[in-house]
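All values below were derived from every heavy atom in this structure, side-chain atoms included, with hydrogens, water molecules and symmetry-related copies excluded. The chain is numbered in sequence order, starting from 1.
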Amino acid sequence: MSTAMSNGQVIVIDDEEIVRESMIQTLELEGYQAVAFENPKDALALCSGTWQGVIICDVRMDIMDGLQVLEQVLNIDGEIPVIMFSGHSDIAIAIQAIRMGAYDFLEKTDDPQHHLNTVQRAWKKRELVLENRCLRKVIEGQHEIDKRLVGQTPSILRLREMVLQLAQVDVDLIIHGATGTGKEVVARCLHDFSPRAKKPFVALNCGALTESVIESELFGHEAGAFTGAHKRRTGKIEYASGGTLFLDEIESMPASLQVRLLRVLQERVLQRLGGNADIEVDIRVLAATKVDLRDAGDFREDLYYRLNVASLEIPSLDQRKEDIPVLFTHFVDRAAQRFGRDTRPVPALLLQQLSMQSWPGNVRELQNAAERWALGLTIEQSGPVTETGDGTLDELVDSYERELIFAALKANNGHAEQTAAALGIPRKKLYLRMKKYGLERQTFLEG
């Protein structure tokens, strides 16, 4: 017998005890996890969209008609295999059950091996359905994250992959990146693609608050804890219970609060300011910083290691300049929608100029520039062109040509004929240049 059933169940619903016991014994001898119910309502309570199992249900029962049970199961999840079971050769009911969505119809007098073969085929179907749903969810998640962490350079592809993986691992972690690289965007992705997604995502900037305010914000306070505390307040940590707490600029957290946060991380309990009761919390803590916390003299080493179960490094925009055309057009499209403006194509020369420029403010600065351009305002130069003068003339010309082709492919969604026309070159020449510069059409196709 296949071990595929090790995580699944077979539910037997029948109002005759001898039938239930016989079926359970047969199924368990074949290695199935089987459970029997006289009352169908008890069985229905186990069913859900993620339930791994198969149902065998008697057609004729006093408590609830078998076809009613079938209907209710399929309302919960239309792809749960329900095998209808009858002691009578009732062709009319069999046809009705199959039309309603039953997986199969068996007679109790059939060969037991035929029963088992049918159960095994039903389980394989259920297993495949759940695997496909899981795969679809991952694909949808990947498609969604493409819209949030935009880019195609190896560094951003690795970051997206790591975020999707770490979203499923319920550990605290540190997100490291310069100002404007998108640390909160990464944190929200870690939350939204995790099992905690339906619970709160609570963000707090530790560098924006004074020590007294941040203590009350994080831990909450009891009525009368200090002057002006007229009523009890739930802090950010307690409010985030079940979900995710994002602490930006954690290097700015006062030393006294680092000790209290360490206790929360170690014991998953807190005390409100002015209170004595331990309050249990179920949180995932994501800390973000633009410095190396090990070099921050006033940051506790034990807190660093408690937070740094895992870590993510966000590349600066200057480290992934090839993403600038894609990012800029993405932000222009988004800004045009928000401001109710018509979307207009971004000139390839502008994208080339932006790609040659330095961006100390990173993605945030580029987004501001895109919003200005979408509104018809002048884009201010944020810094010197960093690549001019680096390399030979041939290398600079190649770099310029590659960026122009990249931008044109992006603007035309990878359509070769339109891209060649926009660049004023034959399609064959475009293909040769794409091969030379390692550009693939599939990268630019609309998903």
Side-chain angles (χ1 to χ4, degrees), residues 133-206 240 242-251 265 282-293 304-331 333-334 359 361-367 442-444 447:
R133 284 181 183 172
C134 185
L135 181 61
R136 200 177 304 124
K137 188 175 180 182
V138 170
I139 291 170
E140 287 170 357
Q142 288 173 339
H143 180 67
E144 177 66 25
I145 205 171
D146 287 349
K147 299 175 186 174
R148 300 211 207 173
L149 299 174
V150 178
Q152 292 298 326
T153 51
S155 61
I156 205 71
L157 291 174
R158 281 195 302 273
L159 179 63
R160 285 204 296 260
E161 184 181 346
M162 288 295 295
V163 167
L164 286 173
Q165 289 177 4
L166 287 171
Q168 301 303 315
V169 185
D170 201 29
V171 295
D172 301 328
L173 61 83
I174 294 175
I175 303 167
H176 188 273
T179 300
T181 49
K183 295 187 287 293
E184 184 165 349
V185 174
V186 167
R188 285 190 177 275
C189 287
L190 286 166
H191 173 77
D192 290 345
F193 299 122
S194 78
R196 295 177 176 268
K198 293 181 180 178
K199 298 294 184 178
F201 175 87
V202 180
L204 182 71
N205 189 319
C206 301
T244 304
L245 176 68
F246 173 58
L247 299 175
D248 199 4
E249 296 188 36
I250 194 158
E251 69 274 12
L265 296 178
D282 168 26
I283 55 168
R284 183 187 195 184
V285 178
L286 307 177
T289 178
K290 57 181 180 287
V291 302
D292 188 335
L293 293 175
Y304 167 77
Y305 286 114
R306 178 63 67 172
L307 285 168
N308 198 43
V309 180
S311 63
L312 284 169
E313 187 81 23
I314 307 179
S316 69
L317 194 52
D318 285 344
Q319 291 173 319
R320 57 183 188 110
K321 287 200 165 187
E322 289 178 356
D323 282 335
I324 288 175
V326 181
L327 276 165
F328 189 80
T329 51
H330 168 76
F331 290 137
D333 290 346
R334 212 166 71 176
W359 296 92
N362 291 291
V363 176
R364 187 182 300 150
E365 184 182 2
L366 184 69
Q367 182 176 355
Q442 287 76 11
T443 306
F444 305 91

Does the side chain to side chain donor-acceptor pair (under 3.5 Å) test come out yes or no for Thr153 and Glu322, once each step is laid out? CA-CA 7 Å; Thr153 51; Glu322 289 178 356; over 6 Å; no
Mind listing the closest non-hydrogen atom pair of Ala167 and Phe193 along with its distance? CB-O, 3.6 Å
If I compare all heavy atoms of Ile145 with all of Cys189, which pair ends up nearest, and what's the gap? CG1-SG, 4.1 Å
Could you check if a side-chain atom of Asp282 sits within less than 4.5 angstrom of a side-chain atom of Lys199, using non-hydrogen atoms only? no
Using modelled atom types and a 3.5 Å cut-off, is there a donor and acceptor pairing between side-chain atoms of His176 and backbone atoms of Ala288? no
Distance check, rounded to the nearest 0.5 Å: Thr179 atom OG1 versus Arg364 atom CZ? 6.5 Å
Closest non-hydrogen atoms of Leu247 and Cys206, given as atom of the first, atom of the second and distance, are CB-SG, 4.1 Å
May I ask you to decide if Ala178's main-chain N or O and Thr181's side chain share a donor-acceptor pair within less than 3.5 Å? yes
Mind listing the closest non-hydrogen atom pair of Leu317 and Val363 along with its distance? CD2-N, 4.1 Å
Polar side-chain atom of Lys183 near backbone of Gly177 as donor-acceptor pair, under 3.5 Å: yes
Heavy-atom distance under 4.5 Å between the side chains of Phe331 and Val150, does that happen here? no
Got a donor-acceptor contact below 3.5 angstrom from the Arg160 side chain to the Gly151 backbone? yes
Closest non-hydrogen atoms of Pro200 and His191, given as atom of the first, atom of the second and distance, are O-CE1, 3.4 Å
Give a yes or no on whether the backbone of Gly243 and the side-chain of Lys198 come within a donor-acceptor separation of less than 3.5 Å. no
Can you tell me how far apart CZ (Phe201) and CZ (Arg188) are? Round to the nearest 0.5 Å. 4.5 Å
Ala310 and Leu173 have their tightest heavy-atom pair at O-CB, 3.0 Å
Spatial distance of atom CG (Asn205) from atom CZ (Phe246) [nearest 0.5 Å]: 8.0 Å
Quick one, Val169 with Val309, criterion side chain to side chain contact (heavy atoms under 4.5 Å, CB included). Give me CA distance, side-chain angles, the key distance, then yes/no. CA-CA 11 Å; Val169 185; Val309 180; over 6 Å; no
Under 4.0 Å between a Lys/Arg side-chain N and an Asp/Glu carboxylate O for Asp192 and Arg148? yes
Report yes if the side chains of Asp318 and Lys321 come closer than 4.5 Å at any heavy-atom pair, otherwise no. yes
Between OG1 of Thr329 and CD1 of Ile324, what distance do you get to the nearest 0.5 Å? 11.5 Å
Side-chain heavy atoms of Leu286 within contact of Leu190, under 4.5 Å: yes
Measuring from Arg320:CZ to Ile156:CD1, what's the distance to the nearest 0.5 Å? 3.5 Å
Can you check whether Ser316's main-chain N or O pairs, donor with acceptor, with Asn362's side chain at less than 3.5 Å? no
Find the distance between CG (Leu307) and CD1 (Ile175) and round it off to the nearest 0.5 Å. 11.0 Å
What I'd like to find out is whether the side chain of Leu149 reaches to under 4.5 Å of the side chain of Val185, using heavy atoms alone. yes
Between Asn308 and Leu293, is any pair of side-chain heavy atoms under 4.5 Å apart? no
For residues Arg284 and Leu245, determine if any side-chain heavy atom of one lies less than 4.5 Å from a side-chain heavy atom of the other. no
With distance as the sole test, does Arg196 use its side chain to make a donor-acceptor pair with the main-chain N or O of Gly242 at under 3.5 Å? yes
